[in-house]
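Structure, as structure tokens:
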Amino acid sequence: MPSFELGKDPALTDGLYSLLKRRGFFWPSYEIYGGIAGFYDLGPMGSLLRENIEKVWKDIFIVSEDYLLVDCPSITPEIAFRSSGHLEKFSDQLTRCIDCHTPFRADHLLEGYVDAPDLFSPQELETALRENGIKCPSCGSELGPLEEFNLMFRTSIGPGGEKTAYLRPETAQSIFMDFSLLYRMNRERMPFGVAQIGKGFRNEISPRQGILRLREFHMAEGEFFFDPEVPDFPPFERFKDSNVRLIPNNDPSSTKEMTLGDAVERGLICSEVLAYHMGLTRSFACEIGIPIEHMRFRQHLASEMAHYARDCWDLEVELSSGWIEMVGIADRSAYDLNQHSTGSGEEMTAKRLLSEPVQRSVTRIEADLKVLGPIFRGNAGKIARELICMDASGIRSIKDKGEPVIVELPDGSVHKVPTEAVIISEVEEKVSIEKYTPHVVEPSFGIDRLMAAVIEHAYTEMEKSPLKGSDEEEMGPYRVLRFDPRISPIKCGVFPLMNRDGLPEIAKTLLSDLKKIGLITYYDHSGSIGRRYARMDEIGTPFSITIDYESKEDHAATIRSRDTAEQIRVPIIDVPSKVLELMDRYKKE
RNA sequence: GCGGAUGUGGUCUAGCUCGGUAGGACCGUAGCUUCCCAAGCUACUUGCCCGGGUUCAAAUCCCGGCAUCCGCACCA
């Protein structure tokens with residue numbers, strides 16, 4: 001059966017994208033007003049397809065891997081992104097040529113002149129541009145002043161709009177902010193994962209390539225928290241021998257094939273935890289129907305890796321438009337938790353049991369509330385709390401000099417605490433628990449891109465059907481979307497061969513039996529039977545059931561398979577279970 | 001953002017040079033047909049990207065905007 005090969009002939013996907021609109025997968029949003037780049041509507045088929053892809057994702061991350069599922073808001077107050085670094089990181093400083101108006105990223109212009117310009121502040125950039133005498137690379141003219149372009153959509157909360165907020169560019173941050181709660185919900189056991197499926201928003205400068213680069217997109221993210229001092233990750237055993245294609249960043253021009261186990265041993269992949277999630281990602285992609293030959297993992301170049309990332313690998317899938325990133329799997333170390341911990345003042349740590357409890361003597365500060373109370377009244381408790389957190393040796397030397405201890409409260413007020421209120425003692429302490437900030441590995445899935453990949457790889461064009469008089473000149477090729485039945489938007493079509501003589505009644509009874517077991521169905525009585533099959537093939541419905549005149553006598557129906565066009569005759573009463581069985585069997589083949 | 005190309009029913013397109021009723025095919029809908037792989041027959045629905053200008057008259061010419069595609073730039 002002739003099918004086309006992706007990447008070999010992009011012209012073959014031409015017909016695909018009109019099919020997708022015609023049959024209700026997706027199309028550009030706000031078309032009646034001319035459309036806006038970077039936004040797409042998912043139609044009836046696209047919505048079901050996306051939901052099914054997410055279902056498979058949940059089967060892996062929530063059901064098999066026990067990730068905790070959360071669902072947090074898209075609108076996020078500014079402070080959160082100040083801590084996370086997005087306010088800076090997602091703002092590019094642009095400068096424009098005063099003659100040709102071409103915009104450039106200021107830090108890119110400084111590559112090669114200074115070290116790590118991406119970490120520079122706007123002022124530093126401005127100075128560096130001037131000191132190095134940088135001119136417009138395309139025409140040589142002077143460059144204008146810096147402009148800020150933030151990739152986050154800005155909005156405000158409440159009336160008056162004084163509270164600035166942004167639409168989240170990734171779902172991850174909420175998970176970090178909720179870390180302590182989630183850690184407790186997991187009963188303080190490590191390691192554990194948290195997952196979120198939702199929308200992300202990025203105000204891309206110039207979205208292209210249709211649904212592959214959106215300003216509002218679906219993402220499924222996992223955050224896997226673990227103890228960085230535990231090098232082994234036993235579950236990794238499962239993927240140790242999985243073969244993968246890798247493009248390591250020390251040699252970006254060649255693809256290497258090896259097992260994930262080897263890659264960790266050779267130090268290409270930084271940890272077993274990261275490699276494990278690459279394995280998970282690969283099996284997820286396989287399950288939704290992306291062929292393994294069209295997958296590879298590419299390591300971020302040192303220059304494109306975010307400054308907090310220890311290591312980062314992208315799953316890329318080959319499409320008609322080339323190799324496209326689908327999933328980013330990053331080791332973000334303790335960066336995010338540290339940022340939010342510092343930003344909010346909340347402790348974000350996990351506890352680790354020391355293998356041997358440690359005896360040590362500790363200098364402890366106590367506050368004598370009997371003294372503090374009468375002096376400071378309402379503030380006494382706060383001062384005491386602040387006092388016992390201060391550096392013990394420093395306090396001791398102050399106390400030894402007989403000077404009062406200066407305590408500053410979070411509200412900014414400063415208080416002089418008399419020496420006699422400060423008690424310093426040496427205690428022997430048995431420490432059996434140690435606190436640490438967990439590291440995190442983040443697999444982040446672009447659902448819309450994966451959906452496009454699934455569609456392209458399920459797409460098959462065939463020579464026209466051999467029988468009857470269809471005319472390929474007019475019809476174009478015969479098109480089939482060969483989805484895995486698990487992700488097909490519609491699971492089965494139900495057709496009366498003729499729209500009369502009691503056939504519709506039989507078909508509708510069967511239809512409701514299929515609905516009862518939760519299958520999404522499609523009833524169709526219009527057009528010839530072949531046309532109805534063709535409609536189902538175009539939306540990737542794996543099974544079509546036809547009630548014919550014989551059904552009235554033998555109470556049986558035919559089930560026709562999308563991929564083979566084969567038909568089997570099954571008693572009507574057994575059709576629902578037979579369909580489930582066929583769906584299940586498809587997976588294993 | 002820049003340069004180039006493009007924009008006609010749901011889809012693909014003819015018409016634009018040379019202004020004068022917008023045409024086809026597919027898809028879709030209803031009906032006929034014992035109809036199992038886009039068959040046939042009948043009927044039907046749906047359109048000139050938006051705004052302005054020139055003109056008696058604009059899909060067509062001019063200006064502006066928007067969008068798409070390609071290249072540059074940008075980005076995951």
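Every chain is numbered from 1 and lettered A, B, ... according to where its sequence line falls, protein lines coming before strand lines.
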Is any side-chain N or O of A:T558 under 3.5 Å from a base N or O of B:C36, one able to act as donor and the other as acceptor?
yes

Can you list the residues that meet the salt bridge (charged side-chain N to carboxylate O under 4.0 Å, His left out) rule with A:R213, with sequence neighbours excluded?
A:E204

Between atom CG in A:L503 and atom P in B:U34, what is the gap in whole Å?
12 Å

For A:Y549 and B:U34, is the gap between ring centres under 5.5 Å while the planes differ by less than 30°?
yes

Decide yes or no, distance alone: a donor-acceptor N/O pair under 3.5 angstrom between the base of B:C37 and the side-chain of A:R531.
no

Taking N and O atoms by type only, does the side chain of A:Q209 place a donor or acceptor under 3.5 Å from a partner on the base of B:A76?
no

With nearest nucleotide decided by heavy atoms, which residue, A:L19 or A:R215, maps closer to the 5′ end of RNA chain B?
A:L19

Within 45° cone of A:W323 ring axis and under 6.0 Å: A:R298 NZ or CZ
no

At under 4.0 Å, does any side-chain N or O of A:T546 touch on OP1 or OP2 of B:C36?
no

Would you check if A:L20 and A:M45 make a side-chain contact, meaning some heavy-atom pair closer than 4.5 Å?
no

Whole angstroms only, please: what is the CG-C1' distance between A:L16 and B:C12?
15 Å

Please produce a list of atom pairs where a protein N or O lies less than 3.5 Å from an N or O of nucleotides 31-33 of chain B.
from	atom 1	to	atom 2	distance (Å)
B:U33	OP1	A:R500	NH1	3.4
B:U33	OP2	A:R500	NH1	2.7

How is A:E538 classified with respect to the nucleic acid when contacts are heavy atoms under 4.0 Å: base, sugar-phosphate, or nothing?
base

When the ring planes of A:W57 and A:F61 are compared, do they come out parallel, tilted or perpendicular, using 30° and 60° as the limits?
parallel

So, does the side chain of A:Y33 form a donor-acceptor pair with the base of B:C50 at under 3.5 Å?
no

Mind checking whether A:F483 and A:F25 have parallel, tilted or perpendicular rings, split at 30° and 60°?
tilted

Using the C1' atom on both, measure B:C49 against B:C66 and round to a whole Å.
8 Å

Considering only nitrogen or oxygen atoms on both sides, find all protein atoms under 3.5 Å from nucleotides 41-48 of chain B and state each distance.
none

